[in-house]
Student: 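Just dropping this structure here.
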Protein chains: 2
Amino acid sequence: MTLAHTILVVLMGEPNSGYGIRSRFEEDVQFFWQASHQQIYRELGKMENQGWISPTVVAQEGKPDKKVYAITDSGRQELLRWCTEPTAPTAIREDLMVRILAGPYMDRGMLIEEVQDRRDFHQQRLEDCREREQWFRDHSDLPLVEKFRYLNLQRGILFEKSWVDWCDRVLELLRSPDLSTIFEES
Amino acid sequence: MTLAHTILVVLMGEPNSGYGIRSRFEEDVQFFWQASHQQIYRELGKMENQGWISPTVVAQEGKPDKKVYAITDSGRQELLRWCTEPTAPTAIREDLMVRILAGPYMDRGMLIEEVQDRRDFHQQRLEDCREREQWFRDHSDLPLVEKFRYLNLQRGILFEKSWVDWCDRVLELLRSPDLSTIFEES
DNA sequence: AGAAACATGTAACCAGTTACATGATTAC
DNA sequence: GTAATCATGTAACTGGTTACATGTTTCT
């Protein structure tokens with residue numbers, strides 16, 4: 001039930017609407033958790049039933065009404081409880097790796113193109129991360145909350161970097177006849 | 001439907017039973033795809049209905065009968081078709097990262113312990129990977145199928161390494177007062 | 001005597017995805 | 001006018017997890 005707890009963490013900062021929470025997910029949560037608005041609204045309903053959050057309908061000018069949720073004491077308690085539980089590493093399920101396993105039976109050129117596309121994708125994300133990193137570095141003496149966000153960004157950077165590195169290595173191999181350079185040192 | 005296609009790739013090598021496929025998943029597929037036996041048996045049923053695989057019941061001495069599945073022409077065609085589709089990066093959903101975001105509101109010592117445990121876990125996996133890497137290096141001139149497996153192992157190594165690196169960095173920060181060393185160079 | 005490996009399945013549940021559905025305001 | 005942003009929801013489907021269920025052989 002980590003989606004619920006991710007939402008609780010967001011609401012620890014300040015009360016927010018489903019739409020607002022969604023936006024926060026797109027900002028800094030994006031690297032390690034994502035959820036569609038449908039999922040968030042459904043989860044918010046469940047969490048309200050549990051008593052972890054309580055809604056207030058806020059009328060707005062020029063905008064539709066919004067339902068702003070605030071974390072309750074019960075919600076805070078639940079988050080605390082969840083934080084004492086050990087986390088388990090998430091199982092990886094990666095299509096591209098299955099594609100690699102299928103490599104011996106497939107067209108080499110097609111595979112190279114696929115890996116190249118992925119390399120570009122992760123390179124782009126890496127650059128985006130680095131830009132955000134610069135923002136953090138420009139604002140020293142940030143509040144604690146921001147420092148922890150920075151740690152997440154660091155995870156994102158290392159993650160994207162490891163993808164780019166792997167793609168580069170694989171591309172070199174795939175382009176060599178019979179993958180002959182496979183055991184050369186990196 | 002990548003589970004089905006992962007199974008198809010396994011069956012490209014040789015016909016296999018549900019149990020055998022499960023074992024293959026535990027060996028080299030484990031780094032990027034995993035499935036319980038329940039899931040595999042269910043999927044095999046669906047795939048048989050689709051005509052991608054065909055079963056033969058094999059009686060064995062001292063062991064229960066097994067249902068050995070072989071890939072059909074239709075299955076081979078489907079795998080080929082799937083391989084022309086572009087892959088999309090898998091969304092990351094990582095509990096530990098949510099825990100980090102909750103960091104500002106939680107006990108520091110608890111968080112350090114959690115990260116330390118994860119560091120140990122990934123370090124262990126990294127060492128396992130490196131052992132298997134050595135096996136590949138000791139057997140040069142491997143068949144193509146093995147060379148592609150090696151590429152997957154490389155992904156696993158870079159993946160685990162990036163986890164260990166990140167944990168190390170985070171631990172150093174968490175142990176410094178107010179995360180003061182946060183912007184020091186890595 | 002008990003655990004591990006071999007072997008296959010059903011049923012219920014939970015979480016994530018996709019499609020459908022509506023409607024105002026603001027910026028280009 | 002058209003897209004983007006703000007704002008909230010329902011319904012059906014798919015895929016993954018957990019629990020239940022059975023039975024043999026081999027190794028310690």
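In what follows, chains are A, B, ... by sequence order, proteins preceding strands, each numbered from 1. The figures that follow rest on heavy atoms only: side chains count, while hydrogens, waters and symmetry mates do not.
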Student: More than 12 heavy atoms of other residues, nucleotides or ligands under 6.0 Å from CD of B/E85: is that the case?
Tutor: yes

Student: Who passes salt bridge (charged side-chain N to carboxylate O under 4.0 Å, His left out) against A/R22, sequence neighbours left out?
Tutor: A/E26

Student: Taking the side chain as every heavy atom from C-beta outward, state whether B/V98 and A/F32 have any atom pair closer than 4.5 Å.
Tutor: yes

Student: Within residues 48-57 of chain B, find the residues that approach DNA chain C with a heavy atom at under 4.0 Å, and present them sorted by residue number.
Tutor: none

Student: Should the ring pair A/H122 and A/F159 be called parallel, tilted or perpendicular, given that the plane angle runs from 0 to 90° and is split at 30 and 60?
Tutor: perpendicular

Student: Does NZ or CZ of A/R119 lie under 6.0 Å from the centre of the six-membered ring of A/W166, at an angle within 45° of the ring axis?
Tutor: no

Student: Report the distance from atom CD1 of B/I40 to atom P of C/dC6, rounded to the nearest whole Å.
Tutor: 14 Å

Student: Near DNA chain D, counting only heavy atoms under 4.0 Å, which residues of residues 8-25 of chain A show up?
Tutor: A/S17, A/G18, A/Y19

Student: Once you round it to whole Å, what is the distance between P of C/dG23 and CG of A/D65?
Tutor: 15 Å

Student: Encode nucleotides 9-17 of chain D as B, S and - characters from 5' to 3', where the letter depends on protein heavy atoms closer than 4.0 Å: B to the base, S only to sugar-phosphate, - to neither.
Tutor: BB----SBB

Student: Between A/D120 and A/Q124, does any side-chain donor sit less than 3.5 Å from a side-chain acceptor?
Tutor: no

Student: What I want to find out is whether A/D73 reaches A/R76 closely enough, with some N-O distance under 4.0 Å, to be called a salt bridge.
Tutor: yes

Student: Can you sort out the partners of B/E133 under side-chain contact (heavy atoms from CB on, under 4.5 Å), two or more places apart, ordered by chain and number?
Tutor: B/R130, B/R137, B/Y150, B/L153, B/Q154, B/I157

Student: Name each donor-acceptor pair under 3.5 Å that joins a side chain in residues 44-51 of chain B to protein atoms two or more places apart or in another chain, with its distance.
Tutor:
none

Student: Determine the sole option in A/V115, A/L101, A/I100 for which the side chain to side chain contact (heavy atoms under 4.5 Å, CB included) test with B/L151 is passed.
Tutor: A/I100

